[in-house]
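One structure is given here, and the rest of the page talks about it.
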Number of protein chains: 2
Amino acid sequence: MRASDRAYAALRADIVHWRLPPGSVLAEVEQSERLGVSRTPLREALARLTAEGLTAAQRGRGVVVTDISLHQVRELFELRATLECRAAELASERGDREVFGQLSAELTGAAGLLNDPDPSRAAYYELVSRLDAAVDAAIGNSYLAQALKGLRVHLVRVRRLSQDNPGRLLAAAQEHATIARAIAKGNARVASAATTVHLDNSLDHLLSTNPQHPLTINTHPQ
Amino acid sequence: MRASDRAYAALRADIVHWRLPPGSVLAEVEQSERLGVSRTPLREALARLTAEGLTAAQRGRGVVVTDISLHQVRELFELRATLECRAAELASERGDREVFGQLSAELTGAAGLLNDPDPSRAAYYELVSRLDAAVDAAIGNSYLAQALKGLRVHLVRVRRLSQDNPGRLLAAAQEHATIARAIAKGNARVASAATTVHLDNSLDHLLSTNPQHPLTINTHPQ
DNA sequence: TCTTCACTCAGTGTATACAAAGACTGCGCG
DNA sequence: CGCGCAGTCTTTGTATACACTGAGTGAAGA
């Protein structure tokens with residue numbers, strides 16, 4: 001694996017998991033020494049991150065990890081709703097019904113996963129990402145799939161803000177199950193509607209647990 | 001201006017205007033000598049182009065200008081319809097009515113621009129891009145605006161395929177005027193519908209003037 | 001005491017040298 | 001005559017040295 005790929009993956013993970021919180025300045029020499037690569041591949045990694053919107057180049061001060069305000073979260077969810085509703089419709093028309101039937105069944109029984117002691121809910125999120133992957137494969141549109149992928153990077157970072165409690169996660173799992181069931185039935189209208197409802201609930205939950213603007217207060221959530 | 005920016009702008013223009021047709025291999029030393037920059041900024045430019053999807057890295061043979069099949073054009077328009085319809089809706093709700101009223105009037109009178117002897121129709125396309133810019137500003141969603149921007153790069157490249165005749169351009173101008181008028185009236189439903197119609201007509205025209213798959217035959221349209 | 005200018009220095013932007021990996025070619029063997 | 005292998009060579013990947021820009025700081029003058 002190339003050094004630039006390693007640097008990119010490491011930095012991206014650090015940003016997404018808030019080990020590099022918004023506002024962190026990523027000095028080239030400092031990061032290249034930390035990651036054990038030279039400046040050239042590190043610059044390539046930073047360029048990729050900047051293209052994704054995870055970092056931004058500040059004239060004269062290097063690149064910094066971009067901030068996320070609640071206002072931006074709203075914009076993010078507005079685009080997300082647009083893309084995911086369309087994706088749900090297309091998946092309903094073009095998807096493999098068995099795949100989504102199976103996923104729907106698993107999601108309905110996701111309560112078991114949430115009783116798991118794992119605090120990171122890895123098993124649950126893995127199941128959800130399998131649904132995402134199934135939708136990507138079903139829509140048969142690489143441009144749309146790519147747009148969705150680009151969005152999800154930001155959404156994983158935002159997830160840290162939602163401070164999910166078991167109740168919300170259980171409800172979200174059922175909403176996901178509803179979406180998968182509609183796709184399995186080939187009902188595009190319902191799939192789109194269920195997606196709209198799910199995203200609205202998610203955003204409401206996120207906003208209610210983050211009363212005001214100051215997301216930067218949560219910079220070190222530990 | 002940085003050397004990497006110049007290299008990026010030059011390569012991007014060359015690709016979009018088909019001076020570097022699909023399949024061209026962009027060897028680093030060759031291009032860096034041609035553009036008068038060293039390999040380092042050129043690599044950065046190539047990385048940006050690859051992130052945009054205009055080029056793709058081929059293991060061991062450098063980066064090549066990506067091909068565009070009719071199938072991909074269909075996918076492109078599918079995503080485009082999704083994003084632009086939503087953008088038209090949001091612009092109807094949030095846009096400045098005077099701005100779009102003015103644009104609508106100009107577009108209605110665009111027949112004059114099309115009688116212009118300029119074969120590149122620069123004046124016409126400048127007017128259309130002003131409509132795009134107005135929509136971007138009106139939607140008030142930087143993520144959606146960014147997604148639209150990323151799409152338009154590919155669309156400019158595809159434009160070369162559509163071999164627009166004056167009749168189609170005039171019809172397109174009227175369709176654009178209809179969209180602008182609906183936005184000016186604040187009628188989101190009609191704005192979205194008019195966008196759907198316009199994009200369907202555009203795709204139909206493009207497909208009818210490119211009978212079969214082999215877009216690569218048009219590699220050197222001059 | 002405030003403002004401004006110059007100096008220093010940290011850090012990015014660029015060039016180039018070196019290393020490594022993959023592709024092409026030519027030869028030999030079956 | 002075809003297939004396979006090895007060697008060479010082109011091209012990318014990485015490291016590092018140098019240049020240049022911009023920011024911060026200190027002192028001096030008003």
Side-chain angles (χ1 to χ4, degrees), chain A residues 1-16 19-67 146 149 153 216 219, chain B residues 1-16 18-67 146 153 216 219:
Chain A
M1 189 190 243
R2 299 184 304 178
S4 63
D5 291 336
R6 278 188 289 119
Y8 167 76
L11 283 174
R12 188 182 136 140
D14 285 343
I15 293 172
V16 162
R19 289 189 291 270
L20 286 172
S24 308
V25 294
L26 303 179
E28 293 181 2
V29 285
E30 174 192 346
Q31 294 299 319
S32 65
E33 285 173 6
R34 183 174 76 91
L35 300 174
V37 300
S38 113
R39 278 183 59 212
T40 305
L42 186 100
R43 280 177 66 86
E44 197 164 318
L46 290 178
R48 288 171 70 181
L49 293 169
T50 302
E52 281 183 312
L54 288 177
T55 60
Q58 279 201 359
R59 183 80 186 179
R61 282 199 314 192
V63 310
V64 300
V65 178
T66 51
D67 202 354
Q146 178 114 1
K149 248 184 183 164
V153 187
T216 43
T219 282
Chain B
M1 189 189 246
R2 299 183 305 178
S4 62
D5 290 335
R6 277 188 289 120
Y8 167 76
L11 284 173
R12 190 183 133 139
D14 285 343
I15 294 171
V16 162
W18 292 73
R19 288 188 293 269
L20 287 172
S24 307
V25 293
L26 303 180
E28 293 181 2
V29 285
E30 174 192 347
Q31 294 300 318
S32 65
E33 285 173 6
R34 182 174 77 92
L35 300 174
V37 300
S38 115
R39 277 184 59 213
T40 306
L42 185 100
R43 281 178 65 87
E44 196 164 318
L46 290 178
R48 288 171 70 180
L49 292 169
T50 302
E52 281 182 311
L54 289 178
T55 60
Q58 277 201 0
R59 185 77 185 181
R61 282 201 312 194
V63 311
V64 299
V65 178
T66 51
D67 201 354
Q146 178 115 0
V153 188
T216 43
T219 282

Specify the separation, in whole Å, of atom [atom1] of [X] and atom [atom2] of [N].
X       : N      : atom1 : atom2 : answer
B:Glu30 : D:dT12 : CD    : C1'   : 14 Å
A:Leu26 : C:dA10 : CG    : P     : 20 Å
B:Gln58 : D:dG13 : CD    : P     : 12 Å
A:Asp5  : D:dT12 : CG    : P     : 16 Å
B:Leu35 : C:dT14 : CG    : P     : 13 Å
A:Arg6  : D:dG13 : CZ    : P     : 14 Å
A:Met1  : C:dA20 : CE    : C1'   : 18 Å
A:Arg2  : D:dA15 : CZ    : C1'   : 16 Å

Completion exercise
Checking C:dC24, C:dG13, D:dT12 against the side chain of B:Arg61 (C-beta onward), the nearest is C:dC24
Problem - Residue pair A:Arg48, A:Asp5: steps toward the salt bridge (Lys or Arg N to Asp or Glu O under 4.0 Å) verdict - result: CA-CA 10 Å; A:Arg48 288 171 70 181; A:Asp5 291 336; 3.0 Å; yes
Practice task
Taking only the side-chain nitrogens and oxygens of B:Ser4, find out if one of them lies under 4.0 Å from OP1 or OP2 of C:dG13.
Solution key: no
Practice task
List the atom of A:Glu44, the atom of A:Ser4, and the distance in Å for their closest heavy-atom pair.
Solution key: OE2-OG, 3.8 Å
Problem - Pairwise distance CD(A:Gln31) to CG(A:Leu46) - rounded to 0.5 angstrom - result: 7.5 Å
Exercise for the section: May I ask you to test the A:Val25-A:Arg61 pair for a side-chain heavy-atom distance under 4.5 Å? Expected result: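 Contact flag for A:Val25/A:Arg61 side chains = no.
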Problem - Beyond-backbone contact of A:Arg34 with A:Asp14, side-chain heavy atoms, under 4.5 angstrom - result: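 Touching, per the 4.5 Å side-chain cut-off.
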Exercise for the section: Would you mind telling me which of B:Leu49, B:Val63, B:Thr55, B:Val16 makes a side-chain contact (heavy atoms from CB on, under 4.5 Å) with B:Leu11? Expected result: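 Checked B:Leu49, B:Val63, B:Thr55, B:Val16 against B:Leu11; only one passes side-chain contact (heavy atoms from CB on, under 4.5 Å): B:Leu49.
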Practice task
Check DNA chain C against residues 37-52 of chain A and give the residues with a non-hydrogen atom under 4.0 Å, in numerical order.
Solution key: A:Arg39, A:Arg43
